[in-house]
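Quick notes on the structure that follows.
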Amino acid sequence: MNIQEFKDKVASIQNQTNYKKPLGFGICYADVGTISNKVLQATYPLLNWEENFGSYAIFWNLKEECEILEDCESELVFGITEEFVIKALEDFSPYLAEAQNNPNTHKNVAVVLELQRALQENRIYTENGDFRYRFCAIYEDKQCKSVESAYMKLLALSLGKAPLRSLYLDGIFGLLSNVAWSGNIPFELEWLRENEIALKMRGEFPAIDFVDKFPRYLMQVIPQYDNIRLLDTAKTRFGAYLGNGGYTQMPGASYVNFNAGALGVCMNEGRISSSVIVGEGSDVGGGASILGVLSGGNNDPISIGRNCLLGVNSSTGISLGDGCIVDGGIAVLAGTIFKITSEEAQKIAEINPGFEIKENGIYKGRDLSNKNGVHFRQNSKTGEMIAFRSNRKIELNASLH
C-alpha cells in the first residue's frame with residue numbers, strides 16, 4: 001500500500017453509513033485487576049482530541065477483529081487482539097519507516113509499532129488472558145460507561161484539549177476502583193489482603209503511596225511547559241489543568257482537585273477545589289481555600305479572575321472578578337454581610353457596569369460575585385466585614401515563574 005492508497009481507504013471507510021466521527025480516541029494500556037477483572041487504570045500514550053481522523057478510521061475499521069467491550073451511542077471500547085495489530089501494520093505500512101525513525105512524526109503509527117513490540121514479546125494479553133491494550137472512542141459528551149472513557153476525559157482536561165468544566169463527569173466515581181497505588185501501579189485492596197502473608201514473607205509487599213480512585217497528575221501527565229513547578233506530587237490530582245506556563249505549586253497546604261486549576265501563570269499555596277478555575281497572574285496564599293462543588297451543597301462553580309490575591313487562610317465561596325483581594329483569615333461567602341460606603345460603592349460601579357448601589361450600604365457576598373476590583377476585609381476594631389475598591393496592583397514575582 002502507498003500513501004494515496006492509504007488516503008483512498010480512509011475516505012472509503014469514512015463514507016460508510018455507520019461511520020461516526022469521534023470527539024476523542026486513543027489506545028491505552030490497561031491495568032486490570034486479577035480478582036475483579038476490572039480496569040484499575042487506563043494510560044494513554046497519545047490522546048487524539050478532535051484530530052487525526054484518518055488514523056481513527058483505520059482503527060475503527062478493525063473493530064471486527066477485536067472483542068467489543070462497550071458499544072453505545074456515546075462511546076466505543078474494544079480489546080486489542082493480535083489480528084488488529086497485524087492488519088493495522090499493513091494499513092499503516094506507508095508510514096512505518098518514518099515513524100520508526102522519528103515517533104513524533106506519526107504518533108498513532110508509533111503506538112501501533114509499540115503494539116507490535118508487545119505482540120513479539122508476548123505482552124498483548126495479561127496473565128489471566130484479559131486485554132492489556134484497549135481502544136476507546138468518545139462520540140458524545142455523555143455519562144461515561146467505561147473506565148477507559150473516564151480516563152480519556154480526565155486526560156483531555158489535564159492536557160488542556162478540553163476546557164475545564166466543559167466535560168460531563170458525573171458518575172465517574174462509581175466507575176473507578178478504590179485501589180492502593182505504589183508508584184504508578186494500582187493494586188486491588190482485596191488482592192493485597194489475600195496475598196499479604198506471602199508478599200511480606202518474601203519481602204515483596206509494595207510500598208503503598210496512597211489509596212484513592214484517582215492517580216496523581218504526574219503519574220499520567222508530563223507538564224507541557226518547562227516552567228510548571230510542582231513541589232509535591234501528592235498535591236495535584238489527575239484531571240487538573242495547570243495553566244499555560246508559569247504555574248507554581250508550593251508544598252504544604254496547596255492542593256488542586258480534578259476538573260480544576262489555573263489558566264496561566266499562578267502561585268498556589270492554597271486549596272483549588274473541584275471545578276474551581278483561577279485566572280492568570282493570581283496568587284492563592286498559604287492555606288487559602290476556594291470552595292468546590294463536590295460537597296457542602298455548593299452547586300455554583302467558582303472562578304477567580306486575573307491578578308487576584310487570596311490571603312493566607314482565607315475562604316472564598318463566591319466568584320471574583322479581576323484584580324480582587326481577599327484579606328488573610330476571612331471568609332467571603334455568598335451569605336456574608338459586607339458594608340460598603342457610598343463613595344467606595346461608586347468606585348466599584350465605575351468599573352462594573354450594572355452594579356447596583358444600595359442606599360443602606362449593606363451587601364451580601366453574592367451581590368459582589370464576579371465583580372472586578374473589590375477588596376474584602378474585616379475591620380480589626382469592630383469585627384465588621386467591609387469591602388471597597390481595591391487600589392493595589394497584584395504582581396507575581398517574575399523570577400519565580
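Rounding to the nearest 0.5 angstrom, the gap separating the CD1 atom in I13 from the CD1 atom in I58 is 4.0 Å. Separating the CG atom in L155 from the CZ atom in F238 is a distance of 4.5 Å, to the nearest 0.5 Å. If you take NZ on K347 and CD on E344, they are separated by 4.0 Å, rounding to the nearest 0.5 Å. In this structure, the separation between CD1 on I138 and CD on E148 is 10.5 Å, given to the nearest 0.5 Å. A distance of 9.5 Å separates CG of L368 from CG of L320, quoted to the nearest 0.5 Å. Between the NZ atom of K38 and the CG atom of L176 there is a distance of 10.5 Å, given to the nearest 0.5 Å.
Donor-acceptor pairing under 3.5 Å is recorded for the side chains of Q41 and D31. Between the side chains of E188 and S36, a donor-acceptor pair is found at a separation under 3.5 Å. Judged purely by distance below 3.5 Å, without hydrogens or angles, the side chains of D8 and Q4 pair a donor atom with an acceptor atom. Side-chain contact annotation: S146 with E70, donor-acceptor N/O pair under 3.5 Å absent. One side chain, D327 or H375, offers a donor N or O that lies under 3.5 Å from an acceptor on the other.
For the pair E350 and R389, the salt-bridge criterion is not met [side-chain N within less than 4.0 Å of a carboxylate O]. A salt bridge is defined here as a Lys NZ or Arg NE, NH1 or NH2 lying under 4.0 Å from an Asp or Glu carboxylate O, and R216 with D209 fails to meet this definition. The existence of a salt bridge linking K87 and E83 is excluded, since no basic side-chain nitrogen approaches an acidic carboxylate oxygen closer than 4.0 Å.
A donor-acceptor pair is defined here as one N or O able to donate and one able to accept, closer than 3.5 Å; such a pair exists between the side chain of N379 and the backbone of T382. Under a 3.5 Å cut-off, the side chain of N101 and the backbone N or O of A97 do form a donor-acceptor pair. Judged by distance alone, with hydrogens and angles left aside, the side-chain atoms of N184 form a donor-acceptor pair with the main-chain N or O of M219 at under 3.5 Å. Looking only at distances, no side-chain donor or acceptor of S369 sits under 3.5 Å from a matching main-chain atom of I318. Judged by distance alone, with hydrogens and angles left aside, the side-chain atoms of D283 form no donor-acceptor pair with the main-chain N or O of L309 at under 3.5 Å. Panel note: side chain D91, backbone A88; no donor-acceptor pair is recorded below 3.5 Å. No donor-acceptor distance shorter than 3.5 angstrom exists from the side chain of Q346 to the backbone of E343, with no hydrogens or angles considered. A donor-acceptor pair is defined here as one N or O able to donate and one able to accept, closer than 3.5 Å; no such pair exists between the side chain of Y151 and the backbone of Y44. In terms of modelled atom types and a separation under 3.5 Å, the side chain of S282 and the main chain of G305 share a donor-acceptor contact. Under the 3.5 Å distance criterion, the side-chain polar atoms of R271 are left unmatched by any main-chain donor or acceptor of Y255.
E114 is not listed as a side-chain neighbour of P45, based on a closest heavy-atom distance of 4.5 Å or more. A heavy-atom distance below 4.5 Å is found between the side chains of I124 and L119. Taking 4.5 Å as the limit, some side-chain heavy atom of V278 sits within range of a side-chain heavy atom of I290. Counting only heavy atoms from C-beta outward, the side chains of I80 and R134 never approach each other to under 4.5 Å. The shortest side-chain heavy-atom distance between L230 and Y217 falls under the 4.5 Å cut-off. Proximity of N128 to V32: side-chain heavy atoms (C-beta onward) are nowhere separated by under 4.5 Å. The closest side-chain heavy-atom distance from D130 to Y125 is not below 4.5 Å. For the pair S158/Y241, no side-chain contact is recorded, criterion being any heavy-atom separation below 4.5 Å from C-beta on.
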Checking salt bridge (Lys or Arg N to Asp or Glu O under 4.0 Å) for the pair E121/R117: CA distance, chi angles, key distance, verdict? CA-CA 6 Å; E121 297 173 356; R117 183 172 301 169; 5.0 Å; no
Would you please test F6 and Y95 for ring pair (Phe, Tyr, Trp, His ring centres under 6.0 Å) and show each step? CA-CA 10 Å; F6 174 87; Y95 305 101; 5.1 Å; yes
Under the criterion ring pair (Phe, Tyr, Trp, His ring centres under 6.0 Å), I'd like the reasoning laid out for Y225 against Y247: C-alpha separation, chi angles, the key distance, then a yes or no. CA-CA 9 Å; Y225 305 94; Y247 175 87; over 10 Å; no
Step by step, would you call L218 with T236 a side-chain contact (heavy atoms from CB on, under 4.5 Å)? CA-CA 8 Å; L218 290 176; T236 309; over 6 Å; no
Would you check, one step at a time, whether the test side-chain contact (heavy atoms from CB on, under 4.5 Å) holds for L89 with L113? CA-CA 8 Å; L89 289 167; L113 287 172; 4.1 Å; yes
Run the numbers on W60 and F53 for side-chain contact (heavy atoms from CB on, under 4.5 Å), then give the verdict. CA-CA 10 Å; W60 176 82; F53 298 115; over 6 Å; no
List the steps, then state whether ring pair (Phe, Tyr, Trp, His ring centres under 6.0 Å) holds for F173 with F214. CA-CA 9 Å; F173 278 92; F214 282 72; 5.4 Å; yes
Report the C-alpha distance between F388 and I348 in whole Å, list the side-chain angles of each, state the deciding distance to 0.1 Å, and finish with yes or no for side-chain contact (heavy atoms from CB on, under 4.5 Å). CA-CA 7 Å; F388 51 93; I348 293 173; 5.8 Å; no
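Counting heavy atoms of neighbouring residues, nucleotides and ligands inside a 6.0 Å radius, atom NZ of K20 exceeds 12 of them. Other residues, nucleotides and ligands contribute only 12 or fewer heavy atoms inside 6.0 Å of the NZ atom of K107. Atom CG of N122 has 12 or fewer heavy atoms from other residues, nucleotides or ligands within 6.0 Å. The local environment of NZ in K358 is crowded, with over 12 non-hydrogen atoms from other residues, nucleotides or ligands closer than 6.0 Å. Within 6.0 Å of atom CG in D226, 12 or fewer heavy atoms from other residues, nucleotides or ligands are found, so the atom counts as exposed in its surroundings. The number of heavy atoms from other shown groups lying within 6.0 Å of NZ (K213) is above 12.
Nearest heavy-atom pair across F258 and I172 is CE1-CD1, 4.1 Å. Scanning both residues, G261 and I272, for their nearest heavy atoms gives N-CG2, 3.9 Å. Closest approach of Q143 and D170 over heavy atoms only: CG-O, 3.4 Å. For the residue pair N257 and S273, the shortest heavy atom distance occurs at CB-C, 3.9 Å. Across E127 and R132, no two heavy atoms sit closer than the pair N-NH2, 4.2 Å. Here the shortest heavy-atom pairing between S166 and D141 reads O-OD2, 3.3 Å.
Ring pair Y363/F355: centre-to-centre distance below 6.0 Å.
For the pair K142 and Y168, the NZ or CZ position fails the cation-pi test of under 6.0 Å to the six-membered ring centre and within 45 degrees of the ring normal. Annotation: cation-pi geometry not satisfied between K63 and F78 (NZ/CZ under 6.0 angstrom from ring centroid, within 45° of ring axis).
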